[in-house]
Amino acid sequence: MINLAIGIDIGGTNIRVAQVDSDGRVLKKIKRETSEDIVKNLTDAIDELITENTAGIGIGVAGVVDSKTGVVSRSPNLPQVEGIDFAGILKEKYGIPVRIENDANAAAVGEKFAGAGRRFDDFVMLTLGTGIGGGVVIDGSLLPVAAELGHITVEAKGRKCLCPNSGCLESYASGRAIVSEVIEELERGAESLLKGCCDGNIYKITPEDVYNYALEGDTLARETLKNAGKYLGIGIASLVNIFSPQAVIIGGGLVGAWNILVNEAIKEANKRAFPELMKNVEVLPAGLTDNAGVVGAASLVLYSDITR
Ligand code: BMX
Ligand code: ZN
């Protein structure tokens, strides 16, 4: 039975390649550090996982994927993938269908296929990780648009982003933004327990550290997360006004800080969005957690079969 797919998640630090079954379960998984020769990384891993039951390969990659050619046309946070035609190369080598999407678009398909999105026809997906990614599902299908929702403007004269814009949501509410804000404050001499974090090396602070110190009552950590949450809420309010979704599904590592970050975001979005639209919206965490990237990517193959 041809009921498996290979899901590939290409990130800045790691590449994950998995064999996924038609229920969205991960059967085997390989994780490699992202090296200069990404294509070789991928084909080595695929060679280990591919079987005669593999229906196809799905790839999720951070950056803008040209919907016509499948080439990654821009990836400010992951420049080594720019210009590579992953789908073309893998199709040629393995002779099976290959689909490629932006990582957060793939995550949205994964949520619809096997996660918190199953019970909704219309939802907005946000992934809060190093950056902020987005995907939009309307009438049960992924909107075939870039959906770079991390780059909607939340502050007109705001911080410079890696994209051409300033004041992007990603520059205020992503893991990277939270950590750099904390570091800046500490460099300015702010009083905080975080000074003692990571053996005194503040440049090693992670978003998770910020959350843990916030739970211990550290004011800087708590205020930084709440501020990020406020900006997230500003972004969510716009997304609700635009898409009138049934749900906003939030995935990525920062979901762990839900009770501070996302609760603040919900409060802010409630103040700003059209009440008639906001009252219908459930804001909830993604259903796929650890394997969200690879299952999302595999679902580009598995879910498209289901809908066909
Ligand atoms: C950035 C952008 C998006 C991506 C998002 C989440 C790059 C490389 N990426 O906004 O395309 O979806 O980050 O990416 O420009 P992650 O790395 O946080 O998963
Ligand atoms: Zn931006």
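Read the numbers this way: they start at 1 and go in the same order the structure lists the ligands and their atoms. Predicted model, so just to flag it, every value in this text is computed and none were measured.
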Query raised in the report: Are a donor atom and an acceptor atom from the side chains of Tyr213 and Glu208 found within less than 3.5 Å of each other?
Result: no
Query raised in the report: Any chance the side chains of Asn227 and Thr224 put a donor and an acceptor closer than 3.5 Å?
Result: no
Query raised in the report: Would a 4.5 Å heavy-atom cut-off, applied to side chains only, mark Val109 and Val137 as touching?
Result: no
Query raised in the report: Are the charged groups of Glu155 and Lys230 less than 4.0 angstrom apart, N to O?
Result: no
Query raised in the report: Does ligand 1 have any atom sitting under 4.0 Å from a heavy atom of Gly133?
Result: yes
Query raised in the report: Does ligand 1 have any atom that is closer than 4.0 Å to a heavy atom of Gly11?
Result: no
Query raised in the report: Cation-pi between Arg159 and Tyr172: NZ/CZ under 6.0 Å from ring centre and within 45° of the ring axis?
Result: yes
Who's the nearest protein heavy-atom neighbour of [atom], and how far?
| atom | value |
| --- | --- |
| atom 15 (O) of ligand 1 | Pro76 CD, 2.9 Å |
| atom 18 (O) of ligand 1 | Gly131 N, 2.7 Å |
| atom 8 (C) of ligand 1 | Ser75 OG, 2.9 Å |
| atom 1 (C) of ligand 1 | Glu170 OE1, 3.2 Å |

**Report entry** Leu239: which of Val281, Val248, Leu149 passes side-chain contact (heavy atoms from CB on, under 4.5 Å)
**Finding:** Leu149
Query raised in the report: Which heavy atom in Ile2 sits nearest to a heavy atom in Thr54, and how many Å separate them?
Result: CG2-C, 3.9 Å
Query - Residue pair Tyr231 / Leu169: nearest heavy atoms and the distance that separates them - result: O-CD1, 3.4 Å
Sub-3.5 Å N/O-N/O distance, [X] and ligand 1:
| X | answer |
| --- | --- |
| Thr127 | no |
| Asp103 | yes |
| Val64 | no |
| Gly134 | no |

Query raised in the report: In Å and rounded to the nearest 0.5 Å, what is the CG to CG distance from Leu186 to Leu194?
Result: 6.0 Å
Query raised in the report: Can you tell me how far the CD1 atom of Ile8 sits from the CZ atom of Arg99, to the nearest 0.5 Å?
Result: 14.0 Å
**Report entry** Closest candidate by heavy atom, reference atom 3 (C) of ligand 1, pool His151, Glu101, Glu82, Glu148
**Finding:** Glu148
Query raised in the report: Which atoms of ligand 1 have any heavy atom of Gly63 under 4.0 Å away?
Result: 3 (C), 7 (C), 8 (C), 9 (N), 11 (O)
Query raised in the report: Hey, which atoms in ligand 1 end up nearer than 4.0 Å to a heavy atom of Thr130?
Result: 18 (O)
Requested in this report: Report the C-alpha distance between Ser73 and Asp66 in whole Å, list the side-chain angles of each, state the deciding distance to 0.1 Å, and finish with yes or no for side-chain hydrogen bond (donor to acceptor under 3.5 Å, both in side chains).
Outcome: CA-CA 6 Å; Ser73 52; Asp66 184 312; 5.4 Å; no
Report task. Sort by chain and number the protein N/O/S atoms that are closer than 2.8 Å to the Zn ion (ligand 2), and list them. Result -> His151 ND1, Cys161 SG, Cys163 SG, Cys168 SG
Query raised in the report: Does Val20 share a hydrophobic cluster with Ile50, counting links as ILVMFWY side-chain heavy atoms below 4.5 Å and allowing steps through other members?
Result: no
Query raised in the report: Is it the side chain (CB and beyond), the backbone, both or neither of Ile132 that lies under 4.0 Å from ligand 1, heavy atoms counted?
Result: backbone
Report summary line: Checking heavy atoms under 4.0 Å, the part of Arg74 that sits near ligand 1 is neither
Requested in this report: Please test Asn165 against Thr153 for side-chain hydrogen bond (donor to acceptor under 3.5 Å, both in side chains), starting from the C-alpha separation and ending with a verdict.
Outcome: CA-CA 8 Å; Asn165 195 18; Thr153 305; 2.9 Å; yes
